[in-house]
Number of protein chains: 2
Amino acid sequence: MRYSSTHKQETRARLLASCKAIAKQGGFEATGIDTLMSSIGLTGGAFYTHFPSKQALFEELIREELESSSRMLAGDERSDPDHVAKRLRGYLSSFHAANPESGCVLPTLGPEIARSSPAVRKAAEKSLKQTHESWNERLDDSDGAWALIAQCVGALVLARSVESEKTRKEILAACRRHIGRTHTLGL
Amino acid sequence: MRYSSTHKQETRARLLASCKAIAKQGGFEATGIDTLMSSIGLTGGAFYTHFPSKQALFEELIREELESSSRMLAGDERSDPDHVAKRLRGYLSSFHAANPESGCVLPTLGPEIARSSPAVRKAAEKSLKQTHESWNERLDDSDGAWALIAQCVGALVLARSVESEKTRKEILAACRRHIGRTHTLGL
DNA sequence: GTCTATATCTAGATAGAC
DNA sequence: GTCTATCTAGATATAGAC
């Protein structure tokens, strides 16, 4: 064969990484396969050696993004006492609002997940429950943990929906301050 | 002329109402003009007597929906002392989660607004500021008002992203309870 | 104002050469 | 594994009949 034994999986990985960023930036449905493939220097026809359909790519992409977002929100350094506070500062930041391509999947593709297949929503549910459980361990407040996740996701949706940088920063800062007041996190 | 003097504006109104529901249900970009027009019993060609382009329809649709959502969240019965609590119960309900077509535009088209034109985001900003101001009047808590809006929008995004009805209800109930604890609303 | 027909473009997906 | 070429279907938008 003319390609190395790892070539295919490497190409698939590059494709997924690129598609994640593009989909979070401009929406998944809105971007065509030719565009996705040319973003990694290939043509549209080569897509189908890696995925049987665009829908299959969506499912894999969302699955991986949800796990990544779960890690982003929940973190894994269980030793650091105020790492939740750090995660929140990063999440509710202007940088995150301005760079959806490298951020959490929920504020940008949440509605597409909601309209997708049961399998995708099943994966979303699993990741969200993990995040909830992780925060509940620290907050000892199940309701508060769900409220916190909702507030974070909603704040990003709102921040990106307004035009002025001033209002965007105000929304994010208000949520950071409010969380500091209503949760015992040392934010 | 063969049509009444009010016929055109009535058709336009019917078209807008139908498109709002369809777009909130399945996404705006995902639905074609033929489908939108046939939903009110007309064919695609007639669309362009009412709007110069699909984008123009989107802008008008979002503008009206944002004002409607602002009313839905903020309300206008300034006399009722706990009408904020009522609005929140309706917003954070299973019915709302199950019926995006008749619900708030932000949890379903928020990302499309975020990716749209500055004019659309300008309108979104205006409506959001109105809602914020309305709630701030009652809560006397500017940060809390933004946090509340974010939490409501985020809760709907999450609730619709999970598969099981059980988890969906848990997320919504947790947010209702948490708001009851952290805001003085009598929820 | 709405229809049918159509122009033009782009989409997802497949076939066969290399 | 990737390419080019192509099929089919759907999209937005326009033209002209009624």
Side-chain angles (χ1 to χ4, degrees), chain A residues 1-62 109 111-112 115-117 119-120, chain B residues 1-62 109 111-112 115-117 119-120:
Chain A
M1 64 180 98
R2 296 159 57 198
Y3 295 92
S4 74
S5 63
T6 58
H7 178 79
K8 183 169 180 177
Q9 73 188 60
E10 283 166 7
T11 302
R12 186 189 149 105
R14 275 198 307 135
L15 176 58
L16 267 168
S18 183
C19 291
K20 285 172 184 173
I22 291 171
K24 289 191 287 182
Q25 178 82 245
F28 179 78
E29 181 149 9
T31 318
I33 287 178
D34 280 6
T35 304
L36 295 174
M37 291 304 283
S38 66
S39 77
I40 58 163
L42 299 179
T43 56
F47 174 80
Y48 295 90
T49 30
H50 300 285
F51 293 94
S53 67
K54 198 190 176 193
Q55 172 66 15
L57 165 66
F58 180 70
E59 296 190 359
E60 178 64 16
L61 180 156
I62 293 292
L109 296 180
E112 290 197 58
R115 296 180 196 118
S116 184
S117 67
V120 169
Chain B
M1 62 180 101
R2 296 157 59 196
Y3 297 91
S4 74
S5 62
T6 57
H7 178 80
K8 182 168 180 179
Q9 73 188 59
E10 282 166 8
T11 303
R12 185 188 150 107
R14 276 197 307 135
L15 176 57
L16 267 167
S18 183
C19 291
K20 285 171 184 173
I22 292 172
K24 287 191 288 182
Q25 178 83 246
F28 180 78
E29 179 148 9
T31 319
I33 287 177
D34 280 6
T35 304
L36 295 174
M37 292 303 284
S38 66
S39 77
I40 58 165
L42 299 180
T43 55
F47 174 80
Y48 295 90
T49 31
H50 300 285
F51 293 94
S53 66
K54 198 190 175 193
Q55 172 66 17
L57 165 66
F58 180 71
E59 296 191 358
E60 177 64 16
L61 181 156
I62 292 293
L109 296 180
E112 290 198 58
R115 297 180 196 117
S116 183
S117 66
V120 169

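Lettering follows sequence order; numbering is per chain, from 1.
If you measure from atom CD1 of A/Ile33 to atom P of D/dC3, you get 14 Å, rounded to the nearest angstrom. The interatomic distance linking A/Phe47 (CZ) with C/dT14 (P) rounds to 11 Å, in whole Å. B/Leu57 has its CG atom 15 Å from the P atom of D/dA11, to the nearest Å. Atom-to-atom, CD of A/Glu29 to P of D/dA11 comes out at 11 Å; the value is rounded to the nearest Å. Atom CG in A/Leu42 sits roughly 20 Å away from atom P in C/dC18 (whole-Å rounding). Between B/Arg14 atom CZ and C/dG1 atom P the separation is 13 Å, expressed in whole Å. With rounding to whole Å, A/Phe28 atom CZ is found 8 Å from C/dG12 atom P. Counting to the nearest Å, the C1' atom of D/dT2 and the CZ atom of A/Phe51 are 16 Å from each other.
Side chain of A/Thr11, nearest nucleotide from C/dC3, D/dT2, D/dA13: D/dT2. Comparing C/dC3, D/dA13, C/dA13 against the side chain of B/Thr43 picks out C/dC3 as the nearest. Listed candidates were D/dA11, D/dT2, C/dA13. Nearest to the side chain of A/Ser53 is C/dA13. Of the candidate nucleotides D/dG1, C/dG1, C/dT14, C/dT14 has the atom nearest to the side chain of A/Tyr48. Closest to the side chain of B/Ala46, out of C/dG12, D/dT2, C/dT2, is C/dT2. Among the nucleotides C/dG1, D/dT2, D/dA11, the one closest to any side-chain atom of A/His7 is D/dT2. Nearest to the side chain of A/Lys54, among C/dG12, D/dT2, D/dA13, sits C/dG12. Which of C/dT2, C/dA13, D/dG1 sits closest to the side chain of A/Tyr3 comes down to D/dG1.
Within the nucleic acid shown, A/Gly45 comes within 4.0 Å of at least one base atom, counting heavy atoms only.
Residues B/Leu42 and B/Thr11 have side chains in contact (heavy-atom distance under 4.5 Å, counting atoms from C-beta outward). Between B/Ile33 and B/Phe51, every side-chain heavy-atom pair lies at or beyond the 4.5 Å cut-off. Using a 4.5 Å heavy-atom cutoff, the side chains of B/Ser117 and B/Val120 are in contact.
Here the shortest heavy-atom pairing between B/Glu29 and B/Lys54 reads O-NZ, 3.4 Å.
Atoms CD1 and CG, from A/Ile22 and A/Leu61 in turn, are 10.0 Å apart once rounded to the nearest 0.5 Å.
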